[in-house]
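One structure is given below, encoded as structure tokens.
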2 protein chains.
Amino acid sequence: MSNNQFKRGELYSVINGVASTAVARRLQKNFRNAGLEITIEQWSILYHLWKEDGLSQQELCTRTFRDKASITRLIDNIEKLGLVERIASKDDRRVNLVYLTDAAKPLQEATYNLANQTMNEALQGISKEEIEIVKSVFQRVYENSK
Amino acid sequence: MSNNQFKRGELYSVINGVASTAVARRLQKNFRNAGLEITIEQWSILYHLWKEDGLSQQELCTRTFRDKASITRLIDNIEKLGLVERIASKDDRRVNLVYLTDAAKPLQEATYNLANQTMNEALQGISKEEIEIVKSVFQRVYENSK
DNA sequence: TTATATTAGTTGCATAACTAACTATATGTC
DNA sequence: GACATATAGTTAGTTATGCAACTAATATAA
């Protein structure tokens with residue numbers, strides 16, 4: 001066993017998702033402080049629906065890197081909040097399409113502003129080139145690991 | 001609201017921890033396939049204890065970026081598996097020191113090997129310079145966000 | 001066209017995360 | 001020494017995650 005090899009890149013910190021959870025926690029706090037009673041996980045679903053409404057649950061699995069069961073329950077909870085509704089697809093009766101309700105619309109601008117602000121703070125002192133490298137590394141790590 | 005600003009760096013993917021969860025899931029699978037019945041969260045605690053045995057729960061909070069409650073239950077579960085034990089500190093009776101049991105020792109080499117292998121696979125095609133940049137960015141994002 | 005396999009979604013079970021409220025011990029100040 | 005404050009850890013309550021087993025609908029193949 002080679003500790004030296006293991007420490008190459010200290011990927012241990014990647015596994016723990018240190019940076020990502022720190023940003024996520026900060027954003028969650030900012031939501032709460034602003035009186036927005038949603039979790040970042042719920043927000044990550046809304047985020048995709050704001051970009052394209054009426055996605056299937058399966059499509060949300062793919063786009064948010066979660067399994068079917070996680071999406072089922074996340075949608076359950078967001079539906080309870082009255083922010084989305086499931087509508088059965090007419091083309092394929094196995095499929096639920098998830099649509100935003102009117103109640104979700106006002107959340108969009110407020111959360112986008114908070115997300116922008118949170119991310120700008122998180123990214124202070126970090127160049128666009130560095131961000132590009134991180135994105136590129138993430139993509140390759142993801143492809144290598146799935 | 002500026003979508004353009006928001007997309008700078010697609011930090012959204014950082015928030016979702018795409019890469020880190022992919023590696024973590026892969027490592028978890030490799031543990032299971034090897035008959036090692038521990039979670040990566042449990043392993044992250046053992047990892048720190050293998051480096052330095054007898055840490056306090058508070059110290060484990062700091063080193064693994066978790067809160068007190070999470071550590072309490074993680075230690076509960078690892079203790080149930082018989083891999084660690086809590087021993088009250090003689091210096092400060094509020095403090096629990098967490099010690100590895102003999103049963104935890106054999107796990108070290110097996111899991112280190114799997115972690116090495118998993119990380120090497122995850123890091124294929126990624127240079128040391130890129131890893132250094134990711135580490136550096138992570139550190140700054142963490143500092144900016146805590 | 002019937003049998004088989006695949007796909008979308010749900011549910012049960014276990015682990016883990018965070019917040020907030022709580023107990024017990026230590027520390028600091030008057 | 002007594003009272004206030006800070007620190008270490010536990011517990012309760014809620015949300016989220018993953019796997020595995022399940023149902024229902026669709027697609028494929030004999």
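Keep in mind the model is a prediction, meaning the values are calculated, not measured. Residue numbers begin at 1 in each chain, while the letters A, B, ... track the order of the sequences.
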Partner residues of [X] under the side-chain hydrogen bond (donor to acceptor under 3.5 Å, both in side chains) criterion, sequence neighbours left out:
| X | value |
| --- | --- |
| Gln28(B) | none |
| Asp53(A) | none |
| Ser70(A) | Asp67(A) |
| Asn96(B) | Gln57(B) |

Nucleic acid footprint by protein, nucleotides 7-15 of chain D - heavy-atom cut-off 4.0 Å, B for base, S for sugar-phosphate alone
BBBBBBB-S
Measure the spacing between OH of Tyr142(B) and CZ of Phe65(B) and express it to the nearest 0.5 Å.
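So the OH of Tyr142(B) and the CZ of Phe65(B) are separated by 4.5 Å.
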Does a side-chain N or O of Arg66(A) approach OP1 or OP2 of dT17(D) to a distance below 4.0 Å, or not?
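Answer is yes, contact under 4.0 Å.
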Counterpart residues, side-chain contact (heavy atoms from CB on, under 4.5 Å), relative to Lys68(A) (two or more places apart)
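For Lys68(A) the side-chain contact (heavy atoms from CB on, under 4.5 Å) partners, ignoring immediate neighbours, are Gln58(A), Cys61(A).
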Name all residues meeting the side-chain contact (heavy atoms from CB on, under 4.5 Å) criterion together with Ala34(B); count only those two or more places apart in sequence or in a different chain, and write none if there are none.
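Leu36(B), Leu114(B).
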Salt bridge (charged side-chain N to carboxylate O under 4.0 Å, His left out) pairs, two or more places apart, involving residues 81-90 of chain A:
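As it turns out, the salt bridge (charged side-chain N to carboxylate O under 4.0 Å, His left out) pairs with a partner in residues 81-90 of chain A, which skip direct neighbours, are Asp76(A)-Arg86(A), Glu79(A)-Arg86(A).
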Between Asp91(B) and Arg32(A), which has a closest nucleotide on DNA chain C that is more 5'?
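Comparing both residues, the 5'-ward one is Arg32(A).
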If you walk 5' to 3' along DNA chain C, what is the first nucleotide with an atom under 4.0 Å of a heavy atom in chain A, and what is the last?
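It runs dT7(C) to dT19(C).
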